[in-house]
Amino acid sequence: SSKRKPAPIRKLEESVINRIAAGEIINRPSNALKELLENSLDAGATNISISVKDGGMKLLQIQDNGHGIRTEDLPLVCERFTTSKLKVYEDLSTIQTYGFRGEALASISHVSHLSITTKQADSECAYKANYADGKLVPAKPGGSCEPEPCAGNNGTILVAEDLFYNIPSRKSALKNSRDEYNRIFEVASRYAIHNAGVAFSCRKIGAPKTDLNTLQGATSITNIRQIFGAKIASSLVDIEHSNDHYAFQFKGLISSASHEMHKSVFLLFINHRLVDHTPIKRAVESLYTSVLPKASRPFIYLDLQIKPENVDVNVHPTKREVRFLNEDTIVAAIVDCIHKKLMSTSNSKSISLQS
Ligand code: ADP
Ligand code: MG
């Protein structure tokens, strides 16, 4: 039967390859947002506003006041593997920017209708360009592809509309716009805490108020208070540790026993990237369970910096997971530091004795 015969091997069409790759990097609106936020931060923005319609599926807009994009780069900016941040492979080990692969805008342009309006400080006007599948497209059918001069503030506005319009299976898997909005809010608020000083806002278009509104020059603790409430903020104590031999350091804010949380909250940044790291999370959670009463879950904001050479950020297309050397040593140092802190806050001592 025909089942016994191999089908011929063919090279996939470029557009199919790109759409599959894009769907791995951008798997929901909050991933797109993370990439866009990182681009705004890379561009030196001090003010970032996010506007969302329908959980980001209908529309996701980010406006920043960063350095903008050079007009002559607009035709290139959404092609795959175009970046202003990395030149040679070796740069990866010392890279200071979030981005380096030149895949985010390309990916978004493959799975949405994307427009970019950008103005450099020394330009007379802004330029607006529309993209599909990595390339410039006209704003209206039959029009010109050329970026159009227009009025605008310094910085960049990116608008992604109809996310996953061309990936029906993905689109139908993301029906719950409330859930998607919550994820967007979570990414935005965590970056706002870690990048305290940069003003962030996040709102649903048409809603009476903004859901996130941090101020320029604010501190992390002020932003935590605004986002998680005064009760949590006032229970936090700071930790700090550094280790020259293994080339890592961390600082953070952790909940002490004085406030019992019922759900754990982890804000983990490794080399300024918001990441998940199950071994750290597990180890810290089990520490809290052993030291504090049963119902107590940790609030942890950890800013971990590891020598870039020891970190691999390329293990997952969304960069959500990272691997690093000396993992056991680093996890143990974190647990030890938190443990000492919990024991030294008198509150936790008395509670742990009672329990
Ligand atoms: P990467 O961040 O890996 O370089 P991206 O696809 O995210 O790749 O972005 C491509 C390029 O577009 C960036 O290298 C940068 O030069 C430019 N860019 C993207 N977003 C912005 C922004 N908000 N402000 C200024 N430049 C931007
Ligand atoms: Mg980027």
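No experiment lies behind these values; they were computed from the predicted model shown. Counting convention: from 1, in listed order, for ligands and their atoms alike.
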Below 4.0 Å from ligand 1: does a non-hydrogen atom of Gly68 turn up there or not?
yes
I would like to know whether Glu161 and Lys58 meet salt bridge (charged side-chain N to carboxylate O under 4.0 Å, His left out); could you show each step before the answer?
CA-CA 5 Å; Glu161 285 174 279; Lys58 191 85 209 99; 6.0 Å; no
Nearest non-hydrogen protein atom to atom 4 (O) of ligand 1, with distance, is Thr83 OG1, 2.5 Å
Specify whether an N/O/S atom of Asn39 falls short of 2.8 Å from the Mg ion (ligand 2).
yes
Just jot down the ligand 1 atoms closer than 4.0 angstrom to any heavy atom of Ala104, in number order.
6 (O), 7 (O)
Heavy-atom contacts with Arg101 under 4.0 Å: which atoms of ligand 1 show up? List them by number with element.
3 (O)
Judging by distance only, is a nitrogen or oxygen of Leu158 under 3.5 angstrom from one on ligand 1?
no
Which ligand 1 atoms does Thr82 reach within 4.0 Å, using its non-hydrogen atoms?
10 (C)
Ring-ring centroid check His113 Tyr165, cutoff 6.0 Å:
yes
Identify the protein heavy atom lying closest to atom 27 (C) of ligand 1, giving its residue, its atom name and the separation to 0.1 Å.
Ile69 CG1, 3.6 Å
Between side-chain atoms of residues 129-139 and protein atoms elsewhere (two or more places apart, or another chain), which donor-acceptor pairs fall under 3.5 Å?
| residue | atom | partner | partner atom | Å |
| --- | --- | --- | --- | --- |
| Tyr131 | OH | Leu74 | O | 2.7 |

Among all protein heavy atoms, pick out the one at the shortest distance from atom 20 (N) of ligand 1; state its residue, atom name and that distance to 0.1 Å.
Asn39 CB, 3.3 Å
Consider every N or O of Leu105 and every N or O of ligand 1, then say whether any pair is closer than 3.5 Å.
yes
Establish, yes or no, whether a centroid distance under 6.0 Å links the rings of Phe81 and Phe100.
no
Who's the nearest protein heavy-atom neighbour of atom 16 (O) of ligand 1, and how far?
Ser84 OG, 2.6 Å
Under a 4.0 angstrom heavy-atom cut-off, which atoms of ligand 1 come close to Ala43?
24 (N), 25 (C)
Any side-chain heavy-atom pair of Ser40 and Ile62 under 4.5 Å
yes
Contact with ligand 1 for Lys85, non-hydrogen, under 4.0 angstrom
yes
Would Leu86 count as a contact residue for ligand 1, given that I'm defining contact as a non-hydrogen atom of the residue lying under 4.0 Å from a ligand atom?
no
How does Phe100 reach ligand 1, by side chain, by backbone, by both or by neither, if only non-hydrogen atoms under 4.0 Å count?
backbone
For atom 23 (N) of ligand 1, the protein heavy atom that lies nearest, with its residue and separation
Asp64 OD2, 2.8 Å
What's the separation between atom SG in Cys337 and atom CD1 in Ile254, rounded to the nearest 0.5 Å?
7.5 Å
Protein heavy-atom partner closest to atom 1 (P) of ligand 1 - residue, atom, separation in Å
Gly102 N, 3.6 Å
Give me the nearest non-hydrogen protein atom to atom 17 (C) of ligand 1 as residue plus atom name, then the distance to 0.1 Å.
Val77 CG2, 4.0 Å
Determine, for Tyr181 and Lys204, whether the Lys NZ or Arg CZ falls below 6.0 Å from the six-membered ring centre while staying within 45 degrees of the axis.
yes
For Gly99 and ligand 1, does the shortest N/O to N/O distance drop below 3.5 Å?
no
How about CG on Asp122, more than 12 heavy atoms from neighbouring residues, nucleotides or ligands closer than 6.0 Å, or not?
yes
Any chance CD of Glu72 has more than 12 other-residue heavy atoms, nucleotides or ligands included, within less than 6.0 Å?
yes
Between Gln120 and Thr71, is any pair of side-chain heavy atoms under 4.5 Å apart?
yes
To the nearest 0.5 Å, what is the distance between CD (Glu146) and CD (Glu148)?
10.0 Å
Given that the side chain starts at C-beta and the backbone is N, CA, C, O, which of these parts of Glu35 lies under 4.0 Å from ligand 1, counting heavy atoms, or is it both or neither?
neither
Looking at CG of Asp312 and CD of Glu321, how far apart are the two atoms once the value is rounded to the nearest 0.5 Å?
11.0 Å
